[in-house]
K.L.:
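Dropping a structure here in structure tokens format, bear with me for questions.
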Amino acid sequence: MIRIRAALVIYGLVCLCSLGIATNQSPAHANWQNCSISMHSSQTDTLLVDSKIQQLVERQAKAWEAADSKQIIADFVDDCLFAVPGFQFRGKQEVKQAADSYFAEFTDTKVTIKRIIAKGNEGAIEWNWSEKNKETGEKSQAEDAIIFELEGDQIKYWREYIDKKIIK
């Protein structure tokens with residue numbers, strides 16, 4: 001089982017780093033020359049990743065933790081698309097409203113960046129997320145994978161794939 005998961009992870013990284021995010025090339029045809037990978041945890045050091053992308057991801061994590069919707073949208077282009085399961089928000093104003101709605105419902109948000117994969121203006125992020133519902137006090141955790149596309153130094157496209165669980 002561990003070998004299968006490792007093979008799928010490696011194959012997924014190869015697919016992301018080939019000629020673009022949405023490629024289906026086999027691992028044998030992968031082009032790793034311009035792909036950067038950064039991993040963060042208490043047990044790993046930062047590997048290669050463009051410092052501007054690294055800083056952008058870290059700013060986003062900190063802005064969510066600080067409940068700062070103005071800082072969140074500062075990294076987005078005006079006509080951005082921000083998608084989470086079941087919802088799509090178009091433009092900075094909709095993203096800000098969605099963030100403000102989230103902050104009205106949740107507190108104690110904590111984001112731990114696990115990995116950043118980037119090539120050119122596209123990339124992926126893997127981070128862990130935790131939060132507490134203000135009304136119920138219920139805590140939850142999520143593993144979150146994000147696909148993004150930049151326009152210049154700002155986010156044009158941000159799509160999250162979230163695996164959330166309630167902590168008992």
K.L.:
Would you give the length of the straight line joining atom CD1 of Ile147 to atom CD of Glu160, rounded to the nearest 0.5 angstrom?
P.N.:
10.5 Å
K.L.:
Please evaluate residues Val111 and Asn128 with respect to the criterion side chain to side chain contact (heavy atoms under 4.5 Å, CB included), reporting the C-alpha separation (whole Å), side-chain torsions for both, the decisive distance (0.1 Å), and the verdict.
P.N.:
CA-CA 6 Å; Val111 179; Asn128 288 341; over 6 Å; no
K.L.:
Say you draw a straight line from CD1 of Ile125 to CD1 of Ile146; how long is it, rounded to the nearest 0.5 Å?
P.N.:
4.5 Å
K.L.:
Can you give me the closest heavy-atom contact between Ile162 and Ala142, atom names plus distance?
P.N.:
CG2-CB, 3.6 Å
K.L.:
Using the rule given for side chain to side chain contact (heavy atoms under 4.5 Å, CB included), can you reason through Leu56 versus Asp153, listing the C-alpha separation, both sets of side-chain angles and the distance that settles it, and then say yes or no?
P.N.:
CA-CA 8 Å; Leu56 181 139; Asp153 290 336; 5.9 Å; no
K.L.:
Could you tell me the separation between the CD atom of Glu94 and the CD atom of Gln88, rounded to the nearest 0.5 Å?
P.N.:
10.0 Å
K.L.:
Holding to side-chain contact (heavy atoms from CB on, under 4.5 Å), I want the full list of residues that pass it with Ala66, two or more places apart in sequence or in another chain.
P.N.:
Asp68
K.L.:
CG/Asn121 to CG/Asp50 distance, rounded to the nearest 0.5 angstrom?
P.N.:
11.5 Å
K.L.:
Please list every donor-acceptor pair under 3.5 Å in which a side-chain atom of residues 73-87 meets a protein atom from a residue at least two apart or in another chain.
P.N.:
residue	atom	partner	partner atom	Å
Asp75	OD1	Arg59	NE	3.1
Asp75	OD1	Arg59	NH2	2.7
Asp75	OD2	Arg59	NE	3.2
Asp75	OD2	Gln60	NE2	3.1
Asp79	OD1	Lys156	NZ	3.1
Asp79	OD2	Lys156	NZ	2.7

K.L.:
Under the side-chain contact (heavy atoms from CB on, under 4.5 Å) rule, collect the residues that match up with Glu131, sequence neighbours excluded.
P.N.:
Tyr102, Phe106, Thr109, Trp129, Ser140, Lys164
K.L.:
Restricting to ring pair (Phe, Tyr, Trp, His ring centres under 6.0 Å), what partner residues turn up for Tyr161, sequence neighbours left out?
P.N.:
none
K.L.:
If the condition is ring pair (Phe, Tyr, Trp, His ring centres under 6.0 Å), which residues does Phe103 pass it with, not counting sequence neighbours?
P.N.:
Trp64
K.L.:
Starting at CG of Leu150, measure out to OH of Tyr157 and round the result to the nearest 0.5 Å.
P.N.:
13.0 Å
K.L.:
Nearest 0.5 angstrom please: Gln55 CD to Lys62 NZ, how far?
P.N.:
9.5 Å
K.L.:
Applying side chain to side chain contact (heavy atoms under 4.5 Å, CB included) to Val57 and Trp127, what does each step give before you reach the verdict?
P.N.:
CA-CA 10 Å; Val57 172; Trp127 66 24; 4.2 Å; yes
K.L.:
Counting only N and O atoms by type, is there a donor-acceptor contact under 3.5 Å from the side chain of Asp163 to the main-chain atoms of Glu143?
P.N.:
no
K.L.:
Could you walk me through whether Lys134 and Glu105 satisfy the salt bridge (Lys or Arg N to Asp or Glu O under 4.0 Å) test, starting with their C-alpha distance in whole Å, then the side-chain angles of each, then the deciding distance to 0.1 Å, before giving a yes or no?
P.N.:
CA-CA 6 Å; Lys134 288 181 177 179; Glu105 188 174 347; over 6 Å; no
K.L.:
Could you tell me which residues satisfy salt bridge (charged side-chain N to carboxylate O under 4.0 Å, His left out) with Lys132, sequence neighbours excluded, listed by chain and number?
P.N.:
Asp108
